[in-house]
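Working notes for the structure below.
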Protein chains: 2
Amino acid sequence: MQNNKTEHMSSSPMVHVVDDDEAVLDSVGMLLDSIGLINTCYKDAQEFLDAYSETEFDKHNGCILLDIRMPFISGIECQHRLEQMGCRMPIIFVTEHGDVPTAVEAMKNGAAEFIQKPFREQLLIDAIQKALQTNMKNQKRLEIVNQTQGKLASLTNRENQILNAIVTGKANKVIAIELHLSQRTIEIHRAHVMDKMGVNSLAELVKVVIDASPTD
Amino acid sequence: MQNNKTEHMSSSPMVHVVDDDEAVLDSVGMLLDSIGLINTCYKDAQEFLDAYSETEFDKHNGCILLDIRMPFISGIECQHRLEQMGCRMPIIFVTEHGDVPTAVEAMKNGAAEFIQKPFREQLLIDAIQKALQTNMKNQKRLEIVNQTQGKLASLTNRENQILNAIVTGKANKVIAIELHLSQRTIEIHRAHVMDKMGVNSLAELVKVVIDASPTD
DNA sequence: CCTAATCTAGGTATAAATGCTTATTGCTGT
DNA sequence: ACAGCAATAAGCATTTATACCTAGATTAGG
């Protein structure tokens with residue numbers, strides 16, 4: 001039961017546009033088309049959330065244009081749900097009825113931008129471009145982290161236990177005593193850990209483990 | 001010439017209040033006094049910036065309440081200058097004339113909060129308390145990082161060179177070959193590095209170096 | 001000029017980690 | 001019941017790292 005997801009298809013980024021006003025969807029959609037940005041429009045937040053949860057597209061490569069005032073589910077509420085669903089795509093709020101508290105709330109929740117209508121087209125384009133840019137960088141990081149976590153998941157309990165002792169800086173001898181095991185056994189587990197984690201030195205091991213840990 | 005700064009005087013946090021309206025300074029000052037928060041008031045940004053640059057107080061323990069609209073230097077401009085001066089204290093904007101773009105700008109620049117007047121007193125107090133809280137955590141981290149960087153600065157050029165090779169995962173033998181030096185010499189430098197960095201194992205060394213590096 | 005620091009390196013000894021082989025035990029899924 | 005994996009552990013050879021000692025060359029500072 002190995003984790004065998006080599007989903008490395010780095011396709012074009014998708015811009016998801018969520019707005020209850022169809023006129024806005026049309027105009028923004030055309031704007032995006034005109035500069036060659038693949039996009040999908042959703043007429044309400046629920047529609048987008050459904051699409052998102054049902055794996056209909058690359059959940060990582062792209063960004064989201066979100067209206068604030070929408071029926072049923074507001075933009076902020078949608079942002080929260082996406083956060084909970086593990087979505088890491090940058091969110092750009094685009095709204096007509098934006099007040100300061102809402103904007104502050106959105107930004108504190110990690111929004112990439114908060115743009116008020118009417119806006120210069122270039123402003124939106126720049127924001128999108130920047131969002132896609134940062135997203136790409138984040139993704140590269142996340143991919144590495146995910147790979148490492150996959151490897152970590154392939155460790156047995158014992159191996160994991162020994163790994164933690166190793167990165168703590170304990171010598172095999174010490175680990176052996178603490179776990180009431182033969183030093184030889186620790187050495188074997190240690191070798192397995194190095195293998196499975198795909199590293200050639202203790203330094204590398206510590207590094208990959210550190211920057212895949214949540215404390216980052 | 002050892003770096004001997006053991007400035008560990010963790011005094012009470014200072015709330016710096018910057019507003020051109022003296023009535024506001026008075027009322028906020030009294031509010032802070034009433035809940036036991038040490039505070040200093042400044043009637044314009046320049047006054048605060050001067051005080052900040054002239055080391056008149058602990059530059060790290062506290063937070064800043066900043067008005068947006070002020071003569072000469074705006075709140076946002078002040079935020080930028082503080083950023084450039086290396087100030088890491090959280091900034092809470094408090095303003096009467098707040099528009100969405102300004103709020104978004106402030107938040108993107110890392111503001112902790114953006115509060116519009118008039119506000120409920122508790123709202124400001126909560127914001128301050130939270131800012132001081134997060135600042136304290138950040139400070140603990142920064143202190144450790146600074147200590148490590150002090151140690152790093154005490155390394156000679158060679159030692160630094162060897163350190164980098166070590167955390168890259170290279171064996172002494174390899175380093176010796178690469179630097180056209182005796183393996184013996186590398187071993188000695190390595191031992192000095194371990195001493196100066198105050199660690200007992202390679203794992204510890206890698207960890208302290210990693211999380212004191214700017215890539216964090 | 002002399003001292004201190006730095007960089008260099010050899011000797012010797014021990015400790016630790018690595019690689020390779022073999023082997024027993026217990027658990028799990030077919 | 002049998003195959004496969006995980007965990008345990010011993011032997012043996014080799015490589016690496018450490019610890020402690022001495023010591024020459026160079027350089028920067030007083």
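Just so you know, these numbers use all the heavy atoms, side chains as well, and skip hydrogens, waters and symmetry mates.
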Task: Reading 5' to 3' through nucleotides 22-30 of chain C, protein heavy-atom contacts under 4.0 Å coded B for base, S for sugar-phosphate only, - for none - done: ---------
Open item on the list: Does the protein touch nucleotides 13-19 of chain C at the base, only the backbone, or not at all? Give it as B, S and - per nucleotide, heavy atoms under 4.0 Å.
Closed with: ---SSBB
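One atom, NE2 of H192(B), and another, P of dT8(C), lie 12 Å apart when rounded to the nearest Å. Across the protein-nucleic acid pair, Q161(B) atom CD and dT6(C) atom C1' stand 14 Å apart, rounded to whole Å. When the P atom of dA10(D) is taken as reference, atom CG of L181(A) falls 11 Å away, rounded to whole Å. Spacing between atom CD1 of I175(B) and atom P of dT8(C) amounts to 13 Å, rounded to whole angstrom units. Atom NE2 in H189(B) sits about 17 Å away from atom C1' in dA19(D), given to the nearest Å. Separating the CD atom of E159(B) from the P atom of dT6(C) is a distance of 7 Å, rounded to the nearest angstrom.
Distances shorter than 4.0 Å separate none of the side-chain N or O atoms of T156(B) from OP1 or OP2 on dA5(C). Taking only side-chain nitrogens and oxygens, T185(B) never comes nearer than 4.0 Å to OP1 or OP2 of dC7(C). The side chain of R158(B) contributes no N or O atom lying less than 4.0 Å from OP1 or OP2 of dT6(C).
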Filtered N/O pairs between nucleotides 24-28 of chain D and protein, under 3.5 Å:
none

Side chains of residues 188-200 of chain A: which donor-acceptor pairs under 3.5 Å do they make with residues two or more places apart or in other chains?
from, atom 1, to, atom 2, distance (Å)
R190(A), NH1, N172(A), OD1, 2.6
K196(A), NZ, S154(A), O, 3.0
K196(A), NZ, E159(A), OE1, 2.8

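Within 6.0 Å of atom NZ in K130(A), 12 or fewer heavy atoms from other residues, nucleotides or ligands are found, so the atom counts as exposed in its surroundings.
For D21(A), the side-chain contact (heavy atoms from CB on, under 4.5 Å) partners are D19(A), A23(A), V24(A), not counting sequence neighbours. Annotation: side-chain contact (heavy atoms from CB on, under 4.5 Å) contacts of L31(B) (sequence neighbours excluded): S34(B), E121(B), L124(B), I125(B).
Aromatic ring orientation, F57(B) versus F48(B): parallel (interplanar angle below 30°, classes split at 30° and 60°).
Mapping H180(A) and K196(A) onto DNA chain D by nearest heavy atom places K196(A) closer to the 5' end of the strand.
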